[in-house]
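Residue numbers start from 1 in every chain, and the chains themselves are labelled A, B, ... in the order their sequence lines are given, proteins ahead of strands.
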Amino acid sequence: MLQLQKIRENKDAIIDALKKRNIDADVMLNGVLHLDEKRRSLQTELDSTLAESNSISKEIGIFFKNGKAAEANELKAKTTALKEASKKLGDDLNTTTEELQNLLYQIPNIPHESVPGGSTDEDNEEVFREGTIPKLIEGALPHWELAKKHDIIDFELGVKITGAGFPVYKGKGARLQRALISYFLDKNTEAGYTEIQVPHLVNEASGYGTGQLPDKEGQMYHIQADDLYLIPTAEVPVTNLFRDEIVKADDFPIKYTGYTPCFRREAGSYGAHVRGLNRLHQFDKVELVRVEHPNNSYAALDGMVEHLKNILRELKLPFRILRLCGGDLGFTAALTYDFEVFSTAQDRWLEISSVSNFETYQANRLKLRFKDENGKTQLAHTLNGSSLALPRVLAGILENYQTVDGIKIPEVLVSYCGFDSI
RNA sequence: GGAGAAAUGGCAGAGUGGUCGAAUGCGGCAGUCUUGAAAACUGUUGAGGGUCACACCUCCGGGGGUUCGAAUCCCUCUUUCUCCGCCA
């Protein structure tokens, strides 16, 4: 959520910046300013009404104490009108505040100045590429064929017990999954991230805190009986640990990593691009979350990018990094880098990580603040990134590492797997 | 799931209808003393709205109510604790 004060001060600059997202925010922002003005004038009016009735109440108290009931009762009569007025003003104020809030929820984050214009993923800007794309053996297979051939992932079995998009990992497939999770967590904790295990279900307030609600209402699984949501990413529970918190400036950098399954309804997905592991309703992911001082958040983002590069180098997977264009940028992000691994057998790039700086956008909703050098409280910056999303890394490994003698396991994973080929 | 108790500032904990945004202690910060530190002493120390700055307003788990006036009384929800039941 954007800060009201910034909208008041920089309306035109914000409208301009939001054009990168291909939206015309003119009407929305004017609506915000109008409601804000209305809210403040109602607040002022209510405050003075309350101030008056407060002081009368005090006088009444004093009269009663001194045994002057007549005078007290005379004053009581005066408060009736004030009470009615403050009730009405209070109701109006609440309505206006709610309208204002709802409007603010609809305005996405301001893209960072480095975000390129554009509307689709084709307009994303490639900023880095590394690794050689391997020449595949004769008759190389896509991962869903390999999974079947070696009986390591069973998609049909998942359909039977749950539905499409819920695969069952078996034998070496399951073990490889577990190996990847351990390997990622180890790399992250070595880099100073604290490992954490969090609930996989969150309440509504957490959904609003990180911005999945109301923007992505239909994309989360919702358990109606208990009004809880299955997490679409560990970002939600981990970042919400800091909801309504005021941290100390010395606490920075705050760095967490956690493994969770992720649940996504993916309503509206279809076609060849969702085959196999490419798009699932349930998948595993190891996540990085950081809370940073505003002065340091972009350095932190760069640090996360470098960290992920190292992991992909160790896995020896060819990858590239994209800076997302305005049209492809997530609702809450100011700047996002996507990491993609090249899937040789599918001849396409697969997104395996998304690393973002949200600046104060999430913090404003979360009320995540810190005391700065002058003892003033101000909003912190939040960041997160996948390190990494399992299924597509798995797909990349299966496809890129296939040989005539089976699938080789990347060297760094052998000790985690306990075998070197499938 | 059943019965009872409770929820107050960073923490502990007082406060049962009126000068209570809240005693006191601890912690934090600043200062005095000290070569320095510790101890001791002094001061200071919640959040949000509003204002150029004050004033002023709101917040004692959430929501609603009673009252001129609510941390305090009533209703409701949530959470925690104790006991019982069930259980990985």
Side-chain angles (χ1 to χ4, degrees), chain A residues 1-9 32-104 197-209 213 223-229 237 240-252 254 261 291 360 362-380:
Chain A
M1 191 164 66
L2 297 181
Q3 293 171 82
L4 253 177
Q5 207 192 334
K6 286 199 176 159
I7 297 178
R8 270 184 224 151
E9 288 164 4
V32 165
L33 290 182
H34 170 74
L35 284 169
D36 176 45
E37 216 164 286
K38 187 177 169 194
R39 202 209 97 243
R40 277 188 293 165
S41 82
L42 282 169
Q43 178 86 61
T44 310
E45 214 178 322
L46 175 64
D47 284 359
S48 61
T49 310
L50 288 174
E52 197 178 340
S53 74
N54 282 349
S55 79
I56 292 177
S57 289
K58 269 182 193 166
E59 284 178 52
I60 292 173
I62 292 166
F63 276 133
F64 273 125
K65 219 171 224 175
N66 299 331
K68 297 180 177 170
E71 284 91 336
N73 285 321
E74 206 174 299
L75 275 181
K76 267 199 199 179
K78 276 175 74 178
T79 61
T80 320
L82 287 174
K83 240 181 137 178
E84 275 171 29
S86 63
K87 170 122 180 58
K88 185 175 182 311
L89 285 168
D91 289 346
D92 288 352
L93 181 66
N94 285 343
T95 314
T96 307
T97 306
E98 207 173 306
E99 281 173 33
L100 177 59
Q101 191 80 346
N102 287 339
L103 195 52
L104 280 170
Q197 291 193 2
V198 289
H200 301 163
L201 277 74
V202 293
N203 56 29
E204 190 182 41
S206 295
Y208 274 96
L213 292 174
I223 296 167
Q224 283 186 343
D226 297 292
D227 197 18
L228 295 172
Y229 294 86
N240 271 281
L241 296 173
F242 297 95
R243 175 151 46 85
D244 289 320
E245 293 289 332
I246 301 176
V247 300
K248 295 191 225 93
D250 312 346
D251 293 339
F252 295 132
I254 295 171
V291 181
T360 58
Q362 289 184 328
N364 194 29
R365 288 195 185 186
L366 291 161
K367 295 195 171 55
L368 163 48
R369 293 151 296 168
F370 70 100
K371 281 232 191 291
D372 68 15
E373 305 72 33
N374 308 315
K376 264 189 72 178
T377 51
Q378 55 166 306
L379 293 171

Rounded off to whole Å, could you give me the CG-to-P distance for the Leu50(A) and G50(B) pair?
16 Å
Indicate, with a heavy-atom threshold strictly under 4.0 Å, whether Ser57(A) touches base, sugar-phosphate, or nothing.
base
On a whole-Å scale, what distance lies between the C1' atoms belonging to U44(B) and C52(B)?
26 Å
Of the non-hydrogen atoms in Thr49(A) and Leu82(A), which two are nearest, and what is the gap between them?
CG2-O, 3.7 Å
Is there side-chain contact between Leu368(A) and Arg243(A), with heavy atoms separated by less than 4.5 Å?
no
Need one value for Asn54(A): base, sugar-phosphate or nothing, where a base atom within 4.0 Å counts as base even if backbone is also close, heavy atoms only.
sugar-phosphate
Determine the Euclidean distance between corresponding C1' atoms of A70(B) and G65(B); express it in Å to zero decimal places.
11 Å
G49(B) OP1/OP2 closer than 4.0 Å to side-chain N/O of Arg39(A)
no
Could you give me the stems involving RNA chain B, meaning stretches of three or more consecutive Watson-Crick or G-U wobble pairs whose two defining distances are both below 3.5 Å?
B:1-7 with B:78-84, B:10-12 with B:24-26, B:27-32 with B:40-45, B:46-49 with B:56-59, B:61-65 with B:73-77
Within the structure, does a side-chain N or O atom of Arg369(A) lie under 4.0 Å from either OP1 or OP2 of G48(B)?
yes
Give me the distance, rounded to whole Å, that separates G9(B) from G25(B) when you measure between the C1' atoms they each carry.
14 Å
Check every strand shown and say whether Thr377(A) touches a base, only sugar-phosphate, or nothing at a heavy-atom separation below 4.0 Å.
sugar-phosphate
Would you please confirm or rule out a distance under 4.0 Å between OP1 or OP2 of G50(B) and any side-chain N or O of Arg8(A)?
yes
Give one of base, sugar-phosphate or nothing for Lys248(A), where a contact means two heavy atoms less than 4.0 Å apart.
nothing
For A12(B) and G28(B), measure between their C1' atoms and round to the nearest Å.
15 Å
Begin from the C-alpha positions of Leu213(A) and Tyr229(A) and carry the test side chain to side chain contact (heavy atoms under 4.5 Å, CB included) through to its verdict.
CA-CA 10 Å; Leu213(A) 292 174; Tyr229(A) 294 86; 3.8 Å; yes
Of the listed U51(B), C56(B), U67(B), the closest approach to the Arg40(A) side chain comes from U51(B)
Euclidean distance, atom CG of residue Leu89(A) to atom C1' of U58(B) [Å, nearest integer]
15 Å
Remember a base hit wins even if backbone is also touched, and classify Ile56(A) as base, sugar-phosphate or nothing at under 4.0 Å, heavy atoms.
nothing
Do Asp227(A) and Asn203(A) have side-chain heavy atoms sitting under 4.5 Å apart?
no
Using the closest heavy atom to pick a nucleotide of RNA chain B for each, name whichever of Ile62(A) or Ala51(A) lands nearer the 5' end.
Ile62(A)
Lys371(A) side chain near A47(B) phosphate (N/O to OP1/OP2, under 4.0 Å):
yes
Taking CD from Glu71(A) and C1' from C68(B), how many angstroms apart are they, rounded to a whole number?
15 Å
Can you tell me, in whole Å, how much space there is between the P of A22(B) and that of G18(B)?
16 Å
Expressed in angstrom and rounded to an integer, what is the separation of Ile60(A) atom CD1 from U19(B) atom C1'?
15 Å
For Leu42(A) and U58(B), give me the distance from atom CG to atom P, rounded to whole Å.
16 Å
Looking only at heavy atoms, which two atoms of Thr377(A) and Lys371(A) are closest? And how far apart?
CG2-NZ, 3.4 Å
For the residue pair Glu98(A) and Asn94(A), confirm or rule out a side-chain donor-acceptor distance under 3.5 Å.
no
Does this structure show an ion pair linking Lys88(A) with Asp91(A), if we count only N-O contacts that are shorter than 4.0 Å?
no
Rounded to the nearest Å, what distance is computed from the CD atom of residue Gln43(A) to the P atom of nucleotide C56(B)?
15 Å
Considering only the P atoms, how many Å lie between G21(B) and C60(B), rounded to the nearest integer?
12 Å
Using atom CD of Gln5(A) as one end and atom P of U51(B) as the other, report the distance to the nearest whole Å.
10 Å
Between G62(B) and C20(B), how many Å separate the two C1' atoms, rounded to a whole number?
22 Å
Would you tell me if any nitrogen or oxygen in the side chain of Lys76(A) comes within less than 4.0 Å of OP1 or OP2 on U67(B)?
no
Please state the P separation for the pair G46(B) and C41(B) - nearest whole angstrom.
22 Å
Tell me, do Phe64(A) and Asn73(A) make a side-chain contact under 4.5 Å, heavy atoms counted?
yes
Name the residue closer to the 5' end of RNA chain B, choosing between Asp36(A) and Ser53(A) according to the nucleotide with the nearest heavy atom.
Asp36(A)
Protein-nucleotide distance (Glu9(A), atom CD; C52(B), atom C1'), rounded to Å:
14 Å
Quick one: which of Arg365(A), Glu99(A), Met1(A), Gln3(A) gives a side-chain contact (heavy atoms from CB on, under 4.5 Å) with Leu104(A)?
Met1(A)
